[in-house]
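Keep in mind it's a predicted model, so treat the numbers as computed, not measured. Heavy-atom basis, side chains included; hydrogens, waters and symmetry copies ignored. Below, read A as the first sequence line, B as the second, and so on, with proteins coming before strands; counting in each chain starts at 1.
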2 protein chains.
Amino acid sequence: MTISDPRAFLTGLFQAAVDAAQPSLCLPPHLPSPPKGRTIVVGAGKASAEMARVVERHWKGQLSGLVVTRYDHAVPCENIEIVEAAHPVPDAAGAAAARRVLETVQGLTPDDLVICLISGGGSALMTLPADGLTLDDKQAVNRALLRSGANITEMNCVRKHLSMIKGGRLAVAAAPAQVVTLSISDVPGDDPAVIASGPTVADATTFGDAREILERYGIQAPPSVRAHLRDAMDETPKPGDPRLDRCQTVLIATPQASLEAAAEIARQAGISPIILGDAIEGESRDVGFVHAAIARQVARHGQPAMAPAVLLSGGETTVTMRGKGRGGRNGEFALALAVALDGAPGIHAIACDTDGIDGSENNAGAVVTPDTLTRANAAGLKARDRLADNDAFGFFEPIGDLVISGPTMTNVNDFRAVLVLKF
Amino acid sequence: MTISDPRAFLTGLFQAAVDAAQPSLCLPPHLPSPPKGRTIVVGAGKASAEMARVVERHWKGQLSGLVVTRYDHAVPCENIEIVEAAHPVPDAAGAAAARRVLETVQGLTPDDLVICLISGGGSALMTLPADGLTLDDKQAVNRALLRSGANITEMNCVRKHLSMIKGGRLAVAAAPAQVVTLSISDVPGDDPAVIASGPTVADATTFGDAREILERYGIQAPPSVRAHLRDAMDETPKPGDPRLDRCQTVLIATPQASLEAAAEIARQAGISPIILGDAIEGESRDVGFVHAAIARQVARHGQPAMAPAVLLSGGETTVTMRGKGRGGRNGEFALALAVALDGAPGIHAIACDTDGIDGSENNAGAVVTPDTLTRANAAGLKARDRLADNDAFGFFEPIGDLVISGPTMTNVNDFRAVLVLKF
C-alpha cells in the first residue's frame with residue numbers, strides 16, 4: 001500500500017490514538033460482573049462523565065452513583081449523577097462533590113460493588129480537605145506546588161496527606177465492598193497511585209515525606225497545613241493494608257496503548273512504526289527540533305529504521321511563553337518541527353492533544369507538510385517570527401493546517417507522528 | 001558479553017567516536033597519489049594543524065604549505081607552516097594568513113597538487129575581506145549574524161559573498177592545479193559547501209541571496225558591505241564551473257561515522273545500538289529530557305529496541321544561560337538527563353564534546369549513573385538547583401563524574417550515549 005494522501009494518513013493515526021482511549025471502545029471489555037448486592041459508581045476526571053455514560057449503557061442491572069468532571073465536560077446520564085467542578089485549581093463545588101462521593105460509598109457490605117472511574121484531572125476535581133484544613137489552605141499549597149518545580153509524584157504526595165479522599169482513603173471508606181477502579185492514564189509511568197492521586201490505591205508515602213517535599217522546595221505552607229502534616233494520626237493506607245484487599249485497578253487506556261494503536265495502522269500500511277516514548281517531556285519547540293533531527297536521520301541514514309517509517313511519541317511538553325501569540329503545546333511543537341525540517345522532502349507530521357483541545361483555542365493541533373513553509377511564505381507568514389511569538393495558531397490557521405476534532409471526552413496527553421516517506 | 005563496568009564501556013564508546021575522527025587514523029587512507037609537479041598543503045580549522053602533521057608523516061615526496069588553526073591548536077610540523085588565529089570572531093592574524101594561503105596556490109600548473117585540509121572553525125580562521133571591505137566590516141556583519149537567528153547555511157552565504165577566499169574562490173585561485181580537499185565535518189548534513197564556507201567547493205548562492213538574508217533578519221550592515229553586495233561583479237564559482245573541474249572533496253570524518261564506530265563497539269558487546277541522529281539541535285536540557293524519555297521507553301516497552309540497548313546521538317545543542325554556573329552543553333545535557341531519569345535502574349549515560357573541551361572548563365563532558373542523584377545528595381548537591389544555575393561542572397566535579405580527555409585535535413561535535421541495561 002502506498003500513502004497517496006499523507007495528511008489523511010496522519011489524521012487517521014491520530015484518530016486511532018483517540019479511539020484507543022475512547023471510553024465507549026476501551027471501557028466495556030473491563031466491566032466487572034454484577035455483584036449480589038448494590039452497584040455504586042463514583043469517580044472523577046475530565047473523562048469521567050463519558051465513562052459513567054458508557055458504564056450505564058453496558059451495565060446489566062441496577063446502579064447509582066455520582067461522578068465529578070470538569071466544567072463543560074458533563075454528558076447526560078440517567079442513574080449516575082454528574083457534578084461539574086473546577087480544574088486545575090479546585091473549587092467549593094469539587095469539595096462538596098467529594099464529600100458526597102465519600103458518603104455514597106459508606107455503609108456498604110461485602111456483597112456490594114463500587115466502580116470507580118478515574119481519569120486525568122481527578123486530583124483537583126475531587127478535593128476534600130482533611131479535618132482542620134480549609135479549601136483555601138489546600139489551594140494555597142497547590143498553587144505553590146505548581147510553581148515550585150516539584151514533579152507530579154511529589155505534588156501528589158503532599159495532596160494525599162492533606163486530603164480525606166486521596167491516597168486510598170476512598171477505598172478505605174468503601175470497605176468491605178469490592179472496589180473496581182477503571183483508569184485512563186495521563187501520567188508518565190501510568191502508576192495508578194499517581195493518576196488522580198490514587199483515591200482507591202495504597203499509598204507508599206508518608207506525612208514525613210510530605211513535610212520533606214515542602215521543605216525541599218521552600219514552600220511556605222499555612223500554619224494549619226504545617227500543623228496537620230506534623231500532628232495528624234490517620235496515615236494513608238499502605239501497600240498490604242487489609243482494608244484494600246478487595247480493591248482492583250484496571251488501566252483501560254494509556255498513552256502507550258494509543259501509540260500502539262497508531263503503530264498498528266502504520267504497520268498495515270507498510271510503514272515501520274518507531275515508538276520513541278509515551279512520556280516525552282520538555283520545552284515544546286526543542287522536543288520538535290529533536291523529532292526533526294530523528295526524522296532526518298531516518299531519511300538520510302535509515303536509522304533507527306528505514307523509510308518509509310513513522311516516528312510516534314506521547315507525553316506532555318511545555319511552552320514557556322515568550323511572545324503574545326495564540327496556540328498550545330502541540331501547535332508549537334509542529335511549528336518548530338516545520339522550521340527545523342525546512343521543507344525536507346517526503347516528511348509530514350501531525351501533533352495533537354488527544355483531548356481535542358490544544359491550549360486556549362478550538363483546535364486539537366496541526367499538520368506539517370514539506371511545503372508548509374512555502375505556503376506560509378506565500379501567505380506572508382514568517383515561521384520563525386511566529387515561533388518566536390508563540391503563535392502557532394496564527395501560523396497554521398491561515399494556511400488551513402489546523403486539526404479540529406472538537407473535545408474527544410478522553411485524554412491520554414499529546415500525540416505526535418512524523419511520517420518519513422522514501423524520496 | 002555482559003557489561004560489568006558501564007562507565008568504562010561508555011567511555012570506550014566515546015573514545016571510539018573520537019578515534020574515528022582522529023586525523024592520524026582517518027586521514028592517511030584518503031591521501032591522493034603524489035603529482036608530477038609540486039605538492040602544496042593549505043587549509044584552515046580547529047583540526048587542521050593536526051591534519052597537516054599527519055599529511056607530513058605519510059607523504060612520500062616533497063611538500064610545502066601553510067595552514068591556519070585556532071590559538072593553542074598548533075602542533076609541530078616540519079615543512080608546512082602553522083599559523084594561529086582567532087575563533088569564532090576573526091582577527092588580523094587570520095586575514096594575513098588567508099592572504100598568504102591565496103598567494104601560496106597562485107601560479108600553479110596542471111601538474112601540481114593542492115591538498116586542502118578543512119575542519120570546523122575554518123570559516124572564521126581563514127577570513128579575507130573582499131576588495132573595499134575591512135575586517136571590521138566583516139566582523140560587524142558576523143556578530144550581527146550570530147545574534148540574528150540565521151542558520152549556518154544562511155550565515156555562510158553572506159560570508160562567502162564578502163570574502164576573497166570562501167565559496168570556491170580558493171579553488172579558482174589554485175586552478176589549473178588538481179585540488180583534493182580533505183574535510184572533517186561538524187555541520188548538519190555534512191555539505192562540503194558549508195563546512196568552513198567551502199573555499200574549494202562551488203557555491204550555488206548569489207549576491208542576491210546574501211542581500212535577501214540581511215534583509216530577512218533585519219541586519220544593519222555597514223554601507224561598504226551593502227555597496228559590495230549590490231555592486232560587486234565577481235560571483236562565486238557556480239556548480240559546473242570548469243575552473244573547479246579538477247577539484248575533489250573527501251569527507252574523512254563525520255559525526256555519523258563516529259556514531260557508527262561507537263555502534264560497532266556496542267554491537268560487539270551484544271548491545272543494540274539505536275542511532276537517533278547525527279545532527280540533533282535544541283536546548284541542551286530539553287534534548288536531555290527527550291533522551292531520558294526514550295531511554296525509559298526502551299526499559300519499559302522495549303521500543304524502539306529491546307534492552308540491552310544504547311541510544312547514540314550527535315549534533316550541537318545550545319545552552320541558554322539563566323544561571324551563573326560553569327560547564328558546557330554536554331554537561332548540561334547530562335545533568336538534565338540525570339534529573340529526568342531520577343535514578344531509573346540500569347540506565348547509564350555519557351555526553352562529551354568530541355573536541356575534548358565542553359565549554360569553558362577542562363572537561364570533555366560527564367557520565368551519569370543510576371546513583372548519580374544519590375551520590376550528589378550525599379555530597380550536599382541538589383541536581384535541580386545546579387541545573388537551574390547552569391552549573392553542570394559544579395555538579396559533576398565534586399562527585400568525580402567529569403570526563404577529562406584533554407583536547408583531541410579533532411571535532412565532529414557532540415557525542416551522547418545512553419545505555420539501557422536489562423533490569
Side-chain angles (χ1 to χ4, degrees), chain A residues 148-151 153-154 188-190 216-218 254 256 259-260 263 272-298 300-305 309 311-318 320 336 339-340 342 344 382 384-385 387-388, chain B residues 148-151 153 188-190 216-218 254 256 259-260 263 272-298 300-305 309 311-318 320 336 339-340 342 344 377 382 384-385 387-388:
Chain A
S148 70
N151 65 34
T153 306
E154 293 166 328
D190 305 323
R216 184 182 312 158
Y217 293 102
T254 61
Q256 177 68 14
L259 295 173
E260 295 279 11
S272 306
I274 304 169
I275 301 184
L276 293 174
D278 65 353
I280 289 183
E281 299 176 308
E283 185 73 23
S284 305
R285 76 179 58 204
D286 298 285
V287 176
F289 294 155
V290 176
H291 279 65
I294 300 174
R296 284 184 185 274
Q297 189 75 8
V298 172
R300 189 155 177 243
H301 297 292
Q303 296 166 334
L311 308 178
L312 299 170
S313 73
E316 187 171 355
T317 64
T318 315
T320 303
V339 167
D342 198 19
K382 296 189 174 179
R384 285 167 192 271
D385 291 354
L387 183 57
Chain B
S148 70
N151 65 34
T153 306
D190 306 321
R216 184 182 311 158
Y217 294 101
T254 62
Q256 177 69 13
L259 294 173
E260 296 279 10
S272 305
I274 304 169
I275 300 183
L276 293 174
D278 66 353
I280 290 184
E281 299 176 310
E283 185 74 22
S284 305
R285 75 179 60 204
D286 297 286
V287 176
F289 294 156
V290 176
H291 278 66
I294 301 174
R296 283 182 184 275
Q297 188 76 7
V298 173
R300 187 154 177 243
H301 297 291
Q303 295 166 335
L311 308 177
L312 298 170
S313 74
E316 186 170 357
T317 64
T318 315
T320 303
V339 166
D342 198 19
N377 279 334
K382 296 188 176 180
R384 284 168 192 271
D385 292 353
L387 182 57

*Under 4.5 Å from any heavy atom of chain B - which part of A:Arg384*: side chain
*asked:* Could you work out, with salt bridge (charged side-chain N to carboxylate O under 4.0 Å, His left out) as the rule, every residue matching B:Arg300, not counting sequence neighbours?
replied: A:Asp190, A:Asp278
*Euclidean distance, A:Ile274 CD1 relative to B:Gln297 CD, rounded to 0.5 Å*: 12.5 Å
*Identify the two heavy atoms, one from A:Ala279 and one from B:Ala293, that lie closest to each other, and give their separation to 0.1 Å.*
O-CB, 3.7 Å
*Spacing of B:His301 atom NE2 and A:Leu259 atom CG [to the nearest 0.5 Å]*: 8.5 Å
*With a 4.5 Å cut-off on heavy-atom pairs, point out which of A:Gly189, A:Pro188, A:Ala336 contacts chain B the most.*
A:Gly189
*asked:* Need one label for B:Glu283: side chain, backbone, both or neither, based on atoms under 4.5 Å from any heavy atom in chain A.
replied: both
_Approximate separation, where rounding is to 0.5 Å, of A:Asp286 CG and B:Thr317 OG1_ = 10.0 Å
